[in-house]
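All figures in this text were calculated on a predicted structure; none of them were measured in a lab. Below, all heavy atoms of this structure are taken into account, side chains as well, without hydrogens, waters or symmetry copies. In listed order, ligands and their atoms are each counted from 1.
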Amino acid sequence: MDLSHRTHLRSFGLHWNSLACKCVFLVVIVLVFRAVCLHSFSGFGSSEDNFFAVKSRPLTSNSVSLTGKSKFLEVPQIIWGLNNQKIALARACLTARMLNRTLLMPSLSASLFYKEVDLLKPVSFDKIFQFEKFNSLCKGFVQLSRYSQLVNRTDLLELRKGSGRRWTADDDLHQLRRFSQHPFDEYEIIRIVGKNPFLWHDHWPVKDYAKVFECLVLGEDISREADKVVSKIREIGLKVNKDVGSPRTNGLDSMLQPVPYAAVHMRIEKDWMIHCKKLEQRLNISEICSSKDQIIQRVGNIEGLKTPIIIYLAVADDLLEDDSIMAGWKAGLLPFEKKKLGVLDLYKKHPYLIQSAIDYEVCLRSDVFVGNSFSTFSSLVVLDRTQKMINMGVKRPCGMIVRWPSYAYNLEGESKSPRPWATNMSKSSLQAISYGSNHISCS
Ligand SMILES: *[C@@H]1O[C@H](CO)[C@@H](O)[C@H](O)[C@H]1NC(C)=O
Ligand SMILES: *[C@@H]1O[C@H](CO)[C@@H](O)[C@H](O)[C@H]1NC(C)=O
Ligand SMILES: *[C@@H]1O[C@H](CO)[C@@H](O)[C@H](O)[C@H]1NC(C)=O
Ligand SMILES: *[C@@H]1O[C@H](CO)[C@@H](O)[C@H](O)[C@H]1NC(C)=O
């Protein structure tokens, strides 16, 4: 099915929904259990598809030609943290797009070993993200293929990426352009050899990355794990709101609107502190490392945060034993991490990459997100939230008035609150947002 047709169908679906909601839904909702409501209204997950329908941005149509022999690109195994892997994956996709090739489904890495690359456990892309969904959402932009689609595995050309200081972005671009032309374009497979795609030069604007990220939909089993964590948070939120007799828990309103929560990606573990101090020195900036006390104080000063509210703390595992992160919060801000929520076992069943993906979802779906503008994890959460609001037609996705506000706690905003944060989608390179910055778009 082509994209415009699909979009049309979905818009029709939406239209029908809004009409139907008014008459039928109110009647039905009374009959449905609260648990069901909680589940289906629990944030982005369930309404994911609608975001695409609302927008219907035309896609530039080049990429794979439908006639003639298909051409493929193969990239090295993708490694490191979840967010570095997502950036590397997007970079591999955009490289394939540039070479007019389909990307052979790359291997990601389930575990996290920085030095011993041999120990990195490869995990197939489709064990983490939905393969068919990726291709349907990214149709006309970039496509993935399985190895079974190859006709002649020996019809292969190796492209060795240059490296080191002397290998400039221009050299890299020139090399890619050369390999998209005759005689190289004849080969069925171009295999890129050399370093991890995360370290490749960047040639693409932020909105191209955002497009690829939109096509990355978590596998259903992982997404369900995130649902469980989010439900747990909202359940506790509902209880504390009931206890104080908050109007939020009255009647229909509480059934239609799940109890809000905030998520704070609190980076204060030892490794990060060493890294951020070094970065502060190198960049001559003093606004990268925030202490626990500073984070707690600034979050407490966010204007318009309706209390009581559950604050989900996304923290490194070594901080789960540190009770001091639970102390010092302003009255009405109720901090919880995985251990206190009782979901530690749920996380521990999974390898590193999946644990990280669940935490990412919990932050993404939060009503208010607060992170560090020098963290790739925080930056990608904010990019995702910004993109979703733009798709809904929000022009300036900043501050408490928007549906999914985000803040950077390492930068001071008005009245000692964290600074409102949204991704600037007009930036010409991901560099501006992926390696951290103190120039954030809402400022
Ligand atoms: C990619 O394919 C399209 C259409 O087949 C063509 O117009 C375009 O020049 C190609 N791009 C490159 C870089 O080869
Ligand atoms: C596969 O590709 C190689 C290299 O281009 C070529 O020599 C060989 O004849 C091809 N085999 C088939 C079955 O097309
Ligand atoms: C660091 O920044 C401060 C103020 O922003 C400036 O006065 C100082 O000269 C800078 N130092 C270096 C080494 O650039
Ligand atoms: C976003 O980035 C563009 C390009 O760098 C710049 O012109 C614009 O002022 C930025 N917008 C905001 C709100 O920072």
Do the ring centers of Tyr360 and Phe377 come within less than 6.0 Å of each other?
yes
Can Arg234 be said to sit on top of Tyr261's aromatic six-ring, NZ or CZ under 6.0 Å from centre and within 45° of the ring axis? no
Contact set, ligand 2, heavy-atom distance under 4.0 Å, ordered by chain/number, equals Asn152, Thr154, Asp155
Sorted by chain and residue number, the side-chain hydrogen bond (donor to acceptor under 3.5 Å, both in side chains) partners of His203 (sequence neighbours excluded) come out as Asp172
Can you list, pair by pair, the side-chain donor-acceptor contacts under 3.5 Å of residues 271-280, counting residues two or more places apart and other chains?
from	atom 1	to	atom 2	distance (Å)
Trp272	NE1	Arg267	O	3.3
Glu280	OE2	Ile288	N	3.0
Glu280	OE2	Cys289	N	2.9

Would you say ligand 4 has an N or O under 3.5 Å from any N or O of Asn424? yes
For Phe184, the ring-ring contact (aromatic ring centres under 6.0 Å, His included) test, sequence neighbours excluded, returns Phe179
On a heavy-atom basis, the closest approach of Ile79 and Gln85 is O-CG, 3.2 Å
Report task. With side chain to side chain donor-acceptor pair (under 3.5 Å) as the test, would you mind laying out the steps for Ser406 and Arg385 before giving the verdict? Result -> CA-CA 8 Å; Ser406 304; Arg385 292 165 71 89; 3.0 Å; yes
Ligand 4 atoms nearer than 4.0 angstrom to some heavy atom of Lys427 are 2 (O), 5 (O)
